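In this text the structure is predicted, and so the values were computed from the model without any measurement. Chain A is the first sequence line, chain B the second, and so forth, proteins listed ahead of strands; every chain is numbered from 1.
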Protein chains: 2
Amino acid sequence: MASDSLSTTFAALADPTRRAILARLISGETSVTKLAAPFQMSLPAISKHLKVLERAGLIARGREAQWRPSRLEAGRLREVADWLEHYRRFWDESFDRLDIHLRELQAKQKKLLQRKQTREKKHGRTTRKFRSAVSKA
Amino acid sequence: MASDSLSTTFAALADPTRRAILARLISGETSVTKLAAPFQMSLPAISKHLKVLERAGLIARGREAQWRPSRLEAGRLREVADWLEHYRRFWDESFDRLDIHLRELQAKQKKLLQRKQTREKKHGRTTRKFRSAVSKA
DNA sequence: TGGTTAATTAACCAGGTGGTTATATACACT
DNA sequence: AGTGTATATAACCACCTGGTTAATTAACCA
């Protein structure tokens with residue numbers, strides 16, 4: 001398998017068990033045994049799947065005594081969404097109009113955010129908010 | 001590899017060569033040799049990649065004399081986008097607000113489309129337009 | 001008919017993937 | 001210290017993947 005980030009992410013997503021695990025993690029972090037419960041396969045198999053997801057950066061794992069709770073880590077999914085945007089117009093006929101609307105939204109949003117940041121003096125976060133929802137092409 | 005549609009699609013996308021081929025096809029359909037040109041690998045290798053993309057339904061292939069032009073087929077990418085939507089809120093803080101805006105847009109769009117269809121008596125297409133751009137959760 | 005160009009198929013190979021069972025590690029409890 | 005519970009690692013296996021070179025098919029051209 002190629003070692004770039006997108007390839008690793010897609011490869012990790014190319015398995016229904018792993019996608020089911022991600023889906024389960026939507027409702028909160030859980031232990032390995034609880035994640036394994038719905039499946040017929042052995043625990044080591046699940047352990048391997050979790051390692052794949054972890055290496056792909058799709059989940060992060062904590063430590064609580066002998067439990068290793070997994071939680072969703074959505075950054076890589078955003079990368080996928082960003083990549084997909086290049087192709088949106090091929091399946092979404094109304095893309096151009098939608099794009100225009102979204103760009104307007106984005107502009108408004110930026111201004112709002114800038115004002116908010118000036119008021120509250122927040123730190124750390126940049127203003128990338130809507131980037132993944134609009135075209136980059 | 002699992003045989004369900006999403007798994008096949010993700011597996012096909014988990015290779016930089018294949019993604020590069022898709023990117024190339026954004027600018028129109030092309031022959032195998034032209035698709036192969038940017039890469040160092042042999043023609044049979046590209047041929048295999050194209051077969052993977054074709055089986056995944058990401059491209060379709062025509063026949064023009066001895067050429068087999070490939071063209072982008074974005075339906076499966078839409079499926080990926082739809083799947084991704086379940087996770088959007090995990091990377092997009094402003095998801096809820098965006099969702100509201102998009103639903104409003106969708107409503108407007110539906111009305112526009114209905115009027116248009118009444119006027120032109122178009123057939124076959126339903127009004128699923130913005131489904132992939134908004135949350136389904 | 002024969003030659004050229006485009007693409008695919010066949011046969012092969014190294015390395016990866018997804019599963020197994022058996023064993024090991026880590027922590028909690030008494 | 002010893003036991004139970006949660007998880008990971010090791011060793012193994014069948015199959016898949018992504019590449020190669022050589023041979024084959026298919027269409028055009030003269």
Side-chain angles (χ1 to χ4, degrees), chain A residues 1-25 28-71 76, chain B residues 1-25 28-71 76:
Chain A
M1 198 244 312
S3 55
D4 65 281
S5 169
L6 259 185
S7 296
T8 312
T9 306
F10 278 129
L13 294 177
D15 183 289
T17 306
R18 289 195 288 263
R19 291 199 305 280
I21 288 173
L22 290 183
R24 166 65 186 76
L25 291 179
E29 58 176 54
T30 330
S31 73
V32 178
T33 343
K34 282 178 184 168
L35 282 173
F39 305 101
Q40 287 195 310
M41 68 190 78
S42 67
L43 256 154
I46 300 294
S47 212
K48 278 190 180 182
H49 281 306
L50 290 174
K51 186 170 282 181
V52 172
L53 289 170
E54 189 180 17
R55 296 195 112 122
L58 287 163
I59 64 170
R61 324 186 65 183
R63 287 177 189 272
E64 279 180 38
Q66 66 268 59
W67 292 274
R68 308 288 317 273
S70 307
R71 70 164 198 280
R76 297 301 165 86
Chain B
M1 197 244 312
S3 54
D4 64 281
S5 167
L6 260 184
S7 296
T8 313
T9 307
F10 278 130
L13 295 177
D15 184 290
T17 306
R18 289 195 287 263
R19 291 197 306 279
I21 289 174
L22 291 183
R24 167 66 187 77
L25 291 178
E29 58 177 55
T30 330
S31 72
V32 178
T33 345
K34 283 180 185 169
L35 281 174
F39 305 100
Q40 287 195 309
M41 68 190 78
S42 66
L43 253 154
I46 300 293
S47 213
K48 279 190 178 182
H49 281 305
L50 289 175
K51 183 169 285 182
V52 172
L53 289 170
E54 189 181 17
R55 297 196 110 122
L58 286 163
I59 64 170
R61 326 186 63 181
R63 285 176 189 274
E64 278 180 39
Q66 66 269 57
W67 293 274
R68 306 289 317 277
S70 306
R71 69 163 197 280
R76 297 302 166 86

Q. Closest approach of A/S7 and B/R19, non-hydrogen atoms and distance?
A. OG-NH1, 3.0 Å

Q. Looking only at heavy atoms, which two atoms of A/A2 and B/P16 are closest? And how far apart?
A. CB-CD, 3.4 Å

Q.
How many whole angstroms separate atom CD1 of A/I21 from atom P of C/dG18?
A. 11 Å

Q. Mind checking whether B/R61 and B/V32 have side chains closer than 4.5 Å, heavy atoms only?
A. yes

Q) Could you go step by step and tell me if A/K48 and A/M41 meet the side-chain contact (heavy atoms from CB on, under 4.5 Å) rule? A) CA-CA 11 Å; A/K48 278 190 180 182; A/M41 68 190 78; over 6 Å; no

With 3.5 Å as the limit, what N/O pairs link the protein to nucleotides 26-30 of chain D?
none

Q) In whole Å, what is the span from the NZ atom of A/K51 to the C1' atom of C/dG18? A) 14 Å

Q | Contact summary for B/A56 and B/T9, nearest pair of heavy atoms | A | O-OG1, 4.2 Å

Q. What heavy-atom pair brings A/P69 and A/R63 nearest, and what distance separates the two atoms?
A. CD-N, 4.2 Å

**Q.** The single option from B/L58, B/L6, B/T8, B/L13 passing side chain to side chain contact (heavy atoms under 4.5 Å, CB included) against B/R76
**A.** B/L58

**Q.** Nucleotide opposite D/dC12 in a Watson-Crick or G-U pair, distances under 3.5 Å
**A.** C/dG19

Q) Does B/R18 use its side chain to pair, donor to acceptor, with the backbone of B/A11 at less than 3.5 Å? A) yes

Q: Sugar-phosphate means primed atoms, P, OP1 and OP2; the rest is base. With that split, encode nucleotides 17-25 of chain D 5' to 3' as B, S or - using protein heavy atoms under 4.0 Å.
A: SBBBBB---

